[in-house]
Amino acid sequence: METICLKSEIDAARRLRDGQLVAIPTETVFGLAADATNETAVNKIFIAKGRPSDNPLIVHLADATQWRLAASQLTESAAVLLQAFAPGPITVVLPKCASISERVTAGLDTVAIRIPSCPITHRVLAAARIPIAAPSANLSGKPSCTTWQSVLEDLDGRIDAILCENPKTFGLESTVVDCCQEQPILLRPGAITIDDIRRHFPSARTATDETISAMPKTAPGIDFNSPGLKHPHYRPNAEVKLFENLSKLSDDCQATVSELCSGAACCCLDEIPSGMVCALGRQFASVEEYAAGFYEFLREADRRRVKTIYVQLAPPHGIGLALRDRQLRAAGIL
Ligand code: TXA
Ligand code: MG
């Protein structure tokens with residue numbers, strides 16, 4: 001199959017209504033979109049990505065008022081969070097409605113819904129007028145994509161079309177919040193932080209933040225309630241080694257930073273010492289820029305076939321907590 005590069009959101013929407021697989025940008029990462037009510041189309045998502053069938057998909061809607069297209073009930077906590085943060089990088093988990101394919105929800109009786117704020121995504125959804133299932137547009141287990149060129153590296157020939165636009169993104173997937181109980185539970189950290197959620201629900205729980213802050217050496221075996229998180233994620237081909245700061249890296253590894261990094265890649269927030277030579281080195285100016293550029297950095301390191309990527313862990317608060325979660329997973333620790 002030849003993957004067609006599209007410029008028109010209307011064309012993308014028409015193809016989605018026809019049951020095609022179309023990669024589209026969002027304000028978080030690229031999504032691999034299909035009609036959530038069409039079981040054949042949804043099946044094609046799992047095949048194209050090589051995605052395990054027990055990992056449910058997020059349903060994307062143009063507007064929060066359309067929740068009935070996917071959910072059977074809008075709980076109080078979901079209503080509050082959608083009012084506060086949608087459209088935007090938040091996904092709420094609700095009891096599912098009957099018209100959503102069982103394939104989308106991986107047999108669960110709940111469904112995850114999200115209203116993207118990216119104007120391009122919004123125009124596709126508004127023109128399609130159907131609920132759109134979309135996981136991140138990457139081969140299963142690989143880093144997500146923040147450019148259409150990266151999507152094609154993974155999925156060219158495996159999907160029908162791609163909307164070739166590169167909007168500015170947060171660079172990390174949406175915050176996923178289980179809203180089936182009275183108190184929301186954070187299942188996956190993202191740009192909407194646990195502090196943002198606790199401004200509305202002071203006793204909102206999260207299974208992840210202490211684990212992520214502590215940088216455990218082994219998998220903690222916590223039940224995150226989010227089925228996808230038990231599978232490997234965000235793994236480049238290169239080995240990922242984590243460090244808290246550059247001075248500690250050389251102490252820990254009994255070698256100078258430049259010895260460690262020659263021929264390797266290194267991304268950090270710290271200033272890169274003069275004399276340090278990497279095959280690929282990047283200092284990000286802020287945690288936000290680090291989050292936005294992290295996946296593309298991993299992918300660029302793989303393009304250059306480096307063996308090791310040294311990654312400075314993000315500080316464990318704000319969007320840094322979400323980035324740190326992805327970094328630990330990229331290294332195979334979570
Ligand atoms: O930002 C995003 O959320 C991107 C863009 C494309 O919207 N999408 C995305 O999808 O990251 P994906 O499939 O890569 O991740 C979806 C996550 C998985 O961890 C999955 O297990 C969880 O959402 N999820 C989906 N439905 C769920 C449900 N009913 N209950 C609990 N977790 C669910
Ligand atoms: Mg994904």
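Remember, it's 1-based here, ligands and their atoms both numbered in the order they're listed. Numbers here are sequence positions counted from 1. All values below come from the heavy atoms of this structure, side chains included, with hydrogens, waters and symmetry mates left out.
Less than 4.0 angstrom separates some heavy atom of Thr110 from each of these atoms of ligand 1: 28 (C), 29 (N), 30 (N).
Residue-to-ligand polar distances place Ser174 within reach of ligand 1: an N/O pair is separated by less than 3.5 Å. Considering backbone and side-chain N/O of Arg51, one or more are found under 3.5 Å from N/O of ligand 1. For Glu173, no nitrogen or oxygen atom sits less than 3.5 Å from a nitrogen or oxygen atom of ligand 1, counting backbone and side chain alike.
Note: Tyr290 and Phe284 have parallel aromatic rings, judged against thresholds of 30 and 60 degrees for the angle between ring planes.
Note on Arg15 versus Asp11: salt bridge recorded, some NZ/NE/NH1/NH2 to OD/OE distance being below 4.0 Å. With respect to Glu173 and Arg114, no salt bridge is recorded, no charged nitrogen being found less than 4.0 Å from a carboxylate O.
A donor-acceptor contact closer than 3.5 angstrom is absent between the side chains of Thr121 and Glu27.
By the 4.0 Å heavy-atom criterion, Thr105 is excluded from the residues contacting ligand 1.
Residue Ser144: no N/O/S atom is found under 2.8 Å from the Mg ion (ligand 2).
At a heavy-atom cutoff of 4.0 Å, ligand 1 is contacted by the side chain of Asn55 but not by its backbone. Under 4.0 Å from ligand 1, the heavy atoms of Thr28 that appear belong solely to its side chain.
Looking at Ala134, Ala112, Gly31 and measuring to atom 8 (N) of ligand 1, the nearest heavy atom belongs to Ala134. Of the candidates Arg188, Arg114, His233, it is Arg188 that places a heavy atom closest to atom 11 (O) of ligand 1.
For Arg326 and Phe294, the positive end is not near the middle of the six-membered ring at less than 6.0 Å and at most 45° from its axis.
Remark: Glu153 engages Arg299, Arg303 in a salt bridge (charged side-chain N to carboxylate O under 4.0 Å, His left out) (not counting sequence neighbours).
A heavy-atom distance below 4.5 Å is not found between the side chains of Val59 and Trp67.
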